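Predicted, not measured: the structure shown is a model, and the values here were computed from it. Reminder, nothing fancy here: chain letters follow the sequence lines and each chain counts from 1.
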Number of protein chains: 2
Amino acid sequence: MHDMDAPQVPAPGLRERTRRAVRAELMAEAWRLFAAQGFEATTVEEIAAAAGMSKRSFFRYFVSKEDLVLGNLEDVGREVAAALAERPADESAWQALRRAFDGLVAEIEADADRFRPLLTMLRSEPGLHASHVEKRQRWQTMLAPQLAARVPARAGGSQDRPDPRLAALAGAALTCFDVAQTAWLDDPATDLAALLDEVMTAISTLTP
Amino acid sequence: MHDMDAPQVPAPGLRERTRRAVRAELMAEAWRLFAAQGFEATTVEEIAAAAGMSKRSFFRYFVSKEDLVLGNLEDVGREVAAALAERPADESAWQALRRAFDGLVAEIEADADRFRPLLTMLRSEPGLHASHVEKRQRWQTMLAPQLAARVPARAGGSQDRPDPRLAALAGAALTCFDVAQTAWLDDPATDLAALLDEVMTAISTLTP
DNA sequence: CCAATAATGACACCCGGTGTCACAGTCTGC
DNA sequence: GCAGACTGTGACACCGGGTGTCATTATTGG
């Protein structure tokens with residue numbers, strides 16, 4: 001394999017670099033406005049104007065106004081799924097799920113000052129909240145297949161369709177994460193990791 | 001307690017009756033159009049015209065186009081919460097949650113032919129799906145407080161804030177319901193109750 | 001029958017989002 | 001150096017969901 005022709009990952013290329021710069025500029029400007037007037041009250045035209053461009057061009061960088069806020073959530077989901085895939089094989093599904101969140105939890109707690117207003121906005125603005133919940137529910141479909149090896153085979157079910165128990169486990173873990181995150185937002189004293197531990201062990205001990 | 005002076009429930013009043021009739025008419029007309037062309041492809045103006053009224057009047061009966069589809073979900077959530085509250089006290093939280101779904105499960109299976117296209121549409125149309133997920137997540141806040149008596153007191157937590165473990169249990173049960181419902185849509189052969197049983201017992205047995 | 005009240009239609013408007021077109025820049029190969 | 005091809009951009013019109021307003025029309029109650 002030659003070098004010189006790597007398509008996207010190792011060669012950002014000037015095109016892609018400027019594109020990323022403009023996206024970052026738009027995000028920064030948008031965030032300033034959101035903090036000042038809220039998400040809904042800020043219009044796309046304002047954001048575009050603040051970054052010195054037309055509304056039409058804004059939509060060439062973000063597919064929607066919500067995408068500006070929630071776009072990177074897709075990658076975060078992939079990171080969690082990757083972390084789950086790399087957990088040792090002797091961990092149970094539930095343990096592995098708990099550990100798969102470690103990176104994200106650490107990241108959030110590391111600069112909580114940046115994440116707290118973001119997450120708070122995600123809960124307060126209705127449209128944003130809906131999209132957030134939906135996007136995060138799609139993590140479930142990324143995580144579920146990774147659990148197959150950690151769960152005994154299904155009793156009677158057909159093997160061709162995806163095992164709903166895996167989806168349920170992944171979904172329950174994500175619910176725990178969401179609940180812990182919410183409690184963490186409401187009570188700045190406690191730390192997120194402890195909350196997640198408490199909530200996930202509650203599921204394992206209180207479900208029979 | 002006298003009778004004769006119940007304010008709204010037993011005395012619909014002609015005003016409210018016609019209002020309900022118009023709402024029903026709009027829903028029927030809308031559903032016909034949705035089935036023919038899909039949710040997004042059907043415009044509010046079409047629905048209103050089909051029911052013989054202006055677009056403006058449509059929004060006097062439904063706060064949004066999505067509300068026409070998801071409006072009753074609010075009441076369904078209340079029904080589930082009521083069913084949960086009436087479960088015998090000796091049932092565990094998880095058992096009570098499972099049983100609280102019985103009414104809804106029976107209702108769905110009773111006329112599956114009506115629910116199947118509805119639920120399928122909720123999953124296929126993106127905007128609708130987002131609102132659905134969000135609305136159903138609000139069931140969590142209705143169910144969680146009912147579980148307090150079925151769960152041992154928290155270890156170190158403050159008593160003034162809501163117990164996140166309750167929200168996690170309710171949320172996990174709702175996730176199970178959602179997963180079972182999805183599997184039921186994909187595989188018309190199995191019955192919903194059995195799927196819900198399988199998935200909820202999977203959570204209780206596979207979480208350690 | 002008449003006055004207060006509610007429902008309606010018509011119209012203008014906002015905002016998120018898209019399609020289109022013409023124009024500028026840049027990057028190629030000749 | 002130049003003709004392209006490709007890309008990014010602004011301008012404009014347009015769509016559709018949703019709202020504010022106002023004048024007109026039922027309905028209701030006295």
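In terms of the salt bridge (Lys or Arg N to Asp or Glu O under 4.0 Å) criterion, residue partners of B:Lys135 (sequence neighbours excluded) are, by chain and number, B:Glu74. Under the rule for a side-chain contact (heavy atoms from CB on, under 4.5 Å), the partners of A:Glu45 that lie at least two apart in sequence or sit in another chain are A:Thr43, A:Lys55. Partners of A:Arg60 by salt bridge (Lys or Arg N to Asp or Glu O under 4.0 Å), not counting sequence neighbours: none found. By the side-chain contact (heavy atoms from CB on, under 4.5 Å) test, B:Met27 is found to be paired with B:Phe62, B:Leu68, residues two or more places apart in sequence or in another chain being considered. The side-chain contact (heavy atoms from CB on, under 4.5 Å) check on B:Glu134 picks up A:His129, A:Ala130, B:Arg138, with sequence neighbours excluded. Residues forming a salt bridge (Lys or Arg N to Asp or Glu O under 4.0 Å) with A:Arg23 (at least two apart in sequence, or on another chain): none. Residues satisfying the salt bridge (Lys or Arg N to Asp or Glu O under 4.0 Å) test with B:Glu29, not counting sequence neighbours, are B:Arg32.
The salt bridge (charged side-chain N to carboxylate O under 4.0 Å, His left out) analysis of residues 103-127 of chain A, with sequence neighbours excluded, yields the pairs A:Asp111-A:Arg114, A:Arg123-A:Asp178. Legend: side chain to side chain donor-acceptor pair (under 3.5 Å) pairs involving residues 63-72 of chain A, not counting sequence neighbours, sorted by first then second residue: A:Glu66-A:Ser131.
A tilted orientation is assigned to the rings of B:Trp139 and B:Phe177, their planes being inclined by 30° to 60°.
Listed pair A:Tyr61 / D:dT9 meets the phosphate criterion, a side-chain N or O lying under 4.0 Å from OP1 or OP2.
Taking atom CZ of B:Phe58 as the reference point, atom C1' of C:dA10 lies 18 Å away to the nearest angstrom. Distance CZ (A:Arg19) to P (D:dC6): 18 Å, rounded to an integer number of Å. The separation between A:Phe59 atom CZ and D:dT9 atom C1' is 16 Å, rounded to whole Å.
A:Arg150 places a side-chain N or O within donor-acceptor distance of the main-chain N or O of A:Glu91, the cut-off being under 3.5 Å.
Within residues 29-53 of chain B, the residues approaching DNA chain C are B:Gly52, B:Met53, by heavy-atom distance under 4.0 Å. Heavy-atom distances under 4.0 Å link DNA chain D to no residue of residues 62-75 of chain A.
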Polar pairs (N or O, both sides) under 3.5 Å between protein and nucleotides 21-26 of chain D?
none

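Side chain A:Lys55 to base C:dG17: a donor-acceptor pair is found below 3.5 Å.
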